[in-house]
Amino acid sequence: MTLEEAKKKLAQFGQEHVLKYYDELSGDERAALLEQIDAADMTILDSCLHRENLGGKGVITPLAAMEIDEIEANRESFTKTGIEAIQAGKVGAVLLAGGMGTRLGSDNPKGMYNVGVTRELYIFECLINNLMEVVRQADTWLHLFVMTSDKNHDATTEFLKEKNYFGYKADYIHFFRQEMAAAVDYNGKIYLEDKGRLSTSPNGNGGWFISMKNSGLLSVVHSAGIEWLNVFAVDNVLQRIADPCFVGATIQKGCAVGAKVVRKSAPDEKVGVMCLEDGRPSIVEYYELNDELMNAKDEKGEPAYNFGVILNYLFREDELERLVEGKLPLHIVEKKIPYIDENGCRIKPESPNGYKFESLVLDMIHQMDSCLPFEVVRGKEFAPIKNSTGVDSVESARELLRQNGVTL
Ligand code: UTP
């Protein structure tokens, strides 16, 4: 993009200020900035000024989960189906590790966080250890796709290489980068993170399949014959990955997606819960759950919206390809965004100072025709690390790891 073209685009979206330092930049820096301006989707930026217009929910009704007793009664059969699929190479895993982990506050990628106490035990290591259990059980390697972002790609890949992938077979690990989106102040103006760089942040975890496709990795998926992709978050150190029982249950029930869920600890717990929205599977966020929904009961007299998602989904891959161009809703999230101020000084804010734009994997559930919410025991499979102390923290995860016999 030429400077003239950039000026035209910026004028159209009221973002001319990002060229403020253009004259001070070197030739390479100018070219890089113009490239960034060209790539940035500026049509979304002013939606942060009209957040009230962002899509409301449709009609919410309950979606029953497969509960523990039913799972236990069928464990053997589900597990057999799952192991067969894994041994036939039909299951791959996708680690979503492109997030910034700002709440944890570490400068490194979250997976590099050491949760060990008397020894080193990294978050990535916990996840790979969990996946290795399935590798041993099925006696076969599974392809593991790892999503990073521009902000943490080098650190993530170098760390995992240095640690020899914690014993995972390197040929079966594939990295890809997610796209970035510009971050803005409260008036919708793009921040500069440097004189020659727009401030950008990862565009949310909902773009994972498009990014995987854009990176060319579907060739691996196709040549390996992968039919199911188990997508999971970096921060739950207890989760089972490619869990054969879960895989088998989703296959046997003929669903397009399976979602691991936990029973809510309290009606107002801050987790998104599974539901039907206008008759299709969906997730209603805790802040969208009004009193009527919170108090609704099912036919057994249990709370009707009682199963929270834990960001561990098993998608049928052909469905993802069919829907890949479908638009996901935009989420506008308040964040702390580092920037340079009008005097050219770098500022690292202590509290949120603007918005970033994200799409979320949970919205992909609504694109699917059918979903199996699959209950797991909270204390055994849900130890998310979002914060350093308190709820969903390093402290609480350490306690849960200990309870599950992991030496820290
Ligand atoms: P979170 O919602 O916890 O976001 O991500 P985050 O950015 O990691 O953390 P905070 O909010 O800044 O503290 C849930 C999962 O989705 C991944 C994260 O890496 C984590 O596994 N994620 C999130 C991405 O891969 N890309 C994104 O753009 C956002």
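As the structure lists them, so they are numbered: ligands from 1, and atoms in each ligand from 1. In what follows, every heavy atom counts, from backbone to side chain, and hydrogens, waters and symmetry copies are set aside.
At a heavy-atom distance under 4.0 Å, only side-chain atoms of Leu311, from C-beta outward, approach ligand 1. Residue contacts with ligand 1 for Ala97 involve N, CA, C or O but no side-chain atom from C-beta outward (heavy atoms, distance under 4.0 Å).
At least one N or O atom of Gln178, backbone or side chain, sits closer than 3.5 Å to an N or O atom of ligand 1. In terms of polar-atom proximity, defined here as any N/O pair under 3.5 Å, Leu96 does make such a contact with ligand 1. The shortest N/O to N/O separation between Met100 and ligand 1 falls below 3.5 Å.
Using a 4.0 Å cut-off between a side-chain N of Lys or Arg and a carboxylate O of Asp or Glu, Arg197 and Asp150 do not qualify as a salt bridge.
Remark: ligand 1 atoms within the under-4.0 Å shell around heavy atoms of Thr102 are 9 (O), 10 (P), 12 (O), 13 (O). Taking every heavy atom of Asp235 and a limit of under 4.0 angstrom, the matching atoms of ligand 1 come to 3 (O). Every atom of ligand 1 with a heavy atom of Lys386 under 4.0 Å away is listed here by number and element: 1 (P), 3 (O), 14 (C).
A distance of 6.0 Å separates CZ in Phe13 from OG1 in Thr43, rounded to the nearest 0.5 Å.
Side-chain contact check for Asp139 and Gln87: no donor-acceptor pair (N or O, by modelled atom type) lies under 3.5 Å. For the residue pair Glu285/His331, the side-chain donor-acceptor check at 3.5 Å is not satisfied. Side-chain atoms of Asn353 and Asp185 include no donor-acceptor pair closer than 3.5 Å.
Regarding atom 8 (O) of ligand 1, its nearest protein heavy-atom neighbour is Gly101 N, 3.4 Å. Protein heavy atom nearest atom 2 (O) of ligand 1, with residue, atom name and distance: Arg103 NH2, 3.9 Å. Nearest protein neighbour of atom 25 (O) of ligand 1, counting heavy atoms only, is Gly98 N, 2.8 Å. In this structure, atom 28 (O) of ligand 1 lies nearest to the protein heavy atom Gly204 N, 2.8 Å. For atom 16 (O) of ligand 1, the closest non-hydrogen atom on the protein side is Asn205 ND2, 3.0 Å.
Between Ile241 and the options Leu127, Ile128, Val134, a side-chain contact (heavy atoms from CB on, under 4.5 Å) holds for only Leu127. When the options Glu179, Glu321, Glu317, Glu325 are evaluated for a salt bridge (Lys or Arg N to Asp or Glu O under 4.0 Å) with Lys213, the one that passes is Glu325.
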Quiz prompt | Derivation of the side-chain hydrogen bond (donor to acceptor under 3.5 Å, both in side chains) call for Tyr191 and Glu193 | solution = CA-CA 6 Å; Tyr191 275 118; Glu193 71 181 18; over 6 Å; no
Practice problem: Given side-chain hydrogen bond (donor to acceptor under 3.5 Å, both in side chains), test Asp392 with Asn387 step by step and report yes or no. | Solution: CA-CA 6 Å; Asp392 295 344; Asn387 308 297; 5.8 Å; no
Review item, side-chain donor-acceptor pairs of residues 245-261, under 3.5 Å, at least two apart:
unit_1, atom_1, unit_2, atom_2, d
Thr250, OG1, Phe246, O, 2.9
Gln252, NE2, Ser77, O, 3.3
Gln252, NE2, Ser77, OG, 2.9
Gln252, NE2, Thr81, OG1, 2.8
Lys260, NZ, Asp243, OD2, 2.8
Lys260, NZ, Glu381, OE1, 2.9

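Between atom 11 (O) of ligand 1 and the options Lys151, Lys335, Met147, the minimum heavy-atom separation is to Lys335. Closest heavy-atom approach to atom 24 (C) of ligand 1 among the candidates Gly206, Gly99, Ser211: Gly99.
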